[in-house]
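Here's the structure we're looking at; comments come further down.
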Amino acid sequence: MENAEFHDANLRDAGLLDAFTMFEPNSVFRSDIVAGKLSLNTKQSLVVEAVLAGIATNTNNSTPLITASQRTAIANALVAMTTAQPMINKSELVTRFAADPTVTALGNKEAREAVIRALSDVGQTRTWNLMIDVIAQSGKYGADAANVDNFIVEGEKRYWLHVAIDRFTGEVIDQQLEKMNE
């Protein structure tokens, strides 16, 4: 694509802009280890459906969106596929999922690629993202306390600890503590 001008609406290779990114995580400069992305091996089909909401089936001005039933079918297919054999890396979206009947049923090339692009942008397979709900209580035991059930709570604080762990090395990639105010 020598001297390509990406402002030309008729350029056939303009879709390449969707395939490449300049994003590099600050900590390790590796795009395969990132905290806070969706696991493509999720068992939560509603999360996948939310990612697919609003995906266009073509790029013209009268763009119809993928329907709710199509989103549900695609999400359920991804969950079933990864339950049987989890994805090891994002490239399997193309090698395994792109040939799935729920994706090929979308018909046109733009719609099929939009599904893969949307999932690859927000998905990953290498990081476990955990949220730990911590409730810290202060208090005391009465003079006649016989067990833990007799603890008298005088104060309480709640925190959410978000942790991202590289599932291959076990390294903690990121952690954030969030104080919850109820």
Side-chain angles (χ1 to χ4, degrees), residues 17-56 65-66 68-98 100 102-103 113-141 147-149 151-182:
L17 291 175
D18 288 331
F20 297 99
T21 181
M22 294 301 295
F23 173 73
E24 292 180 347
N26 293 332
S27 59
V28 290
F29 295 102
R30 290 178 52 187
S31 61
D32 59 343
I33 304 176
V34 178
K37 286 197 167 194
L38 162 73
S39 172
L40 294 174
N41 296 316
T42 185
K43 305 299 179 251
Q44 305 299 321
S45 62
L46 291 176
V47 173
V48 177
E49 286 184 54
V51 169
L52 299 176
I55 290 180
L65 303 177
I66 292 176
S69 61
Q70 289 169 323
R71 287 193 307 268
T72 300
I74 292 167
N76 289 339
L78 180 64
V79 168
M81 178 184 299
T82 57
T83 298
Q85 181 183 358
M87 289 187 187
I88 301 300
N89 57 51
K90 287 198 303 187
S91 67
E92 292 183 57
L93 279 171
V94 176
T95 60
R96 290 174 53 195
F97 193 55
D100 188 85
T102 60
V103 175
E113 289 176 349
V115 168
I116 302 303
R117 236 185 337 271
L119 291 171
S120 71
D121 283 348
V122 301
Q124 54 78 32
T125 60
R126 183 159 179 162
T127 307
W128 285 319
N129 294 295
L130 308 170
M131 197 257 328
I132 303 167
D133 190 4
V134 179
I135 301 172
Q137 294 180 330
S138 62
K140 63 183 178 184
Y141 287 102
N147 58 39
V148 177
D149 294 335
F151 184 74
I152 301 167
V153 177
E154 294 177 341
E156 180 175 288
K157 290 192 178 190
R158 187 175 196 170
Y159 299 91
W160 285 351
L161 177 61
H162 305 274
V163 181
I165 302 171
D166 182 328
R167 70 184 188 99
F168 295 141
T169 67
E171 175 186 357
V172 174
I173 298 163
D174 187 38
Q175 60 185 359
Q176 297 175 6
L177 186 63
E178 179 180 0
K179 184 177 179 183
M180 298 306 302
N181 297 316
E182 296 180 38

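Keep in mind it's a predicted model, so treat the numbers as computed, not measured.
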(request) Take Ile165 and Glu171, measure what side chain to side chain contact (heavy atoms under 4.5 Å, CB included) needs, and give me the verdict at the end. (result) CA-CA 6 Å; Ile165 302 171; Glu171 175 186 357; over 6 Å; no
(message) Please evaluate residues Leu40 and Phe97 with respect to the criterion side chain to side chain contact (heavy atoms under 4.5 Å, CB included), reporting the C-alpha separation (whole Å), side-chain torsions for both, the decisive distance (0.1 Å), and the verdict.
(response) CA-CA 11 Å; Leu40 294 174; Phe97 193 55; over 6 Å; no
(request) Would you sort out whether Met87 and Leu78 count as a side chain to side chain contact (heavy atoms under 4.5 Å, CB included), showing the intermediate values? (result) CA-CA 10 Å; Met87 289 187 187; Leu78 180 64; 3.6 Å; yes
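Distance check, rounded to the nearest 0.5 Å: CG of Leu65 to CD of Gln70 gives 10.0 Å. Between the OG atom of Ser39 and the NZ atom of Lys43 there is a distance of 7.5 Å, given to the nearest 0.5 Å. Here the CG atom belonging to Leu177 is positioned 6.0 Å from the CG atom belonging to Leu161, to the nearest 0.5 angstrom.
Of the residues Gln175, Gln176, Glu178, the one that meets the side-chain hydrogen bond (donor to acceptor under 3.5 Å, both in side chains) test with His162 is Glu178.
Qualifying side chain to side chain donor-acceptor pair (under 3.5 Å) partners for Gln85, counting only residues two or more places apart in sequence or in other chains: none. Evaluation of the side-chain contact (heavy atoms from CB on, under 4.5 Å) rule for Ser45 yields Glu49, Ala75, Asn76, Val79 as partners, not counting sequence neighbours. With sequence neighbours excluded, the residues that form a side-chain contact (heavy atoms from CB on, under 4.5 Å) with Thr42 are Leu38, Gln44, Val48. A search for salt bridge (charged side-chain N to carboxylate O under 4.0 Å, His left out) contacts involving Arg96 returns Glu92, not counting sequence neighbours. Looking at residues two or more places apart in sequence or on another chain, you find a side chain to side chain donor-acceptor pair (under 3.5 Å) between Ser69 and Thr67. For Ile135, the side-chain contact (heavy atoms from CB on, under 4.5 Å) criterion is met by Asp133, Gln137, Glu156, Arg158, not counting sequence neighbours. Residues passing the salt bridge (charged side-chain N to carboxylate O under 4.0 Å, His left out) test with Glu154, sequence neighbours excluded: Lys140. With sequence neighbours left out, Thr82 forms a side chain to side chain donor-acceptor pair (under 3.5 Å) with no residue at all. In this view, Asn41 satisfies the side chain to side chain donor-acceptor pair (under 3.5 Å) rule with no residue, not counting sequence neighbours. The side-chain contact (heavy atoms from CB on, under 4.5 Å) test applied to Asp149 returns Asn147, not counting sequence neighbours. Under the salt bridge (charged side-chain N to carboxylate O under 4.0 Å, His left out) criterion, Lys157 pairs with no residue at all, not counting sequence neighbours. With sequence neighbours left out, the ring-ring contact (aromatic ring centres under 6.0 Å, His included) criterion links Tyr159 to no other residue.
With contacts defined as side-chain heavy-atom distances shorter than 4.5 Å, the pair Ile66/Leu52 does not qualify.
Taking both residues in full, the closest heavy atoms of Ala114 and Ala56 are given as CB-O, 3.8 Å, listed atom of the first, atom of the second, then distance. Between Thr102 and Ala77 the shortest heavy-atom distance is OG1-CB, 3.6 Å. Closest of all the heavy-atom pairs between Ala118 and Ile55 is CB-CD1, 3.5 Å.
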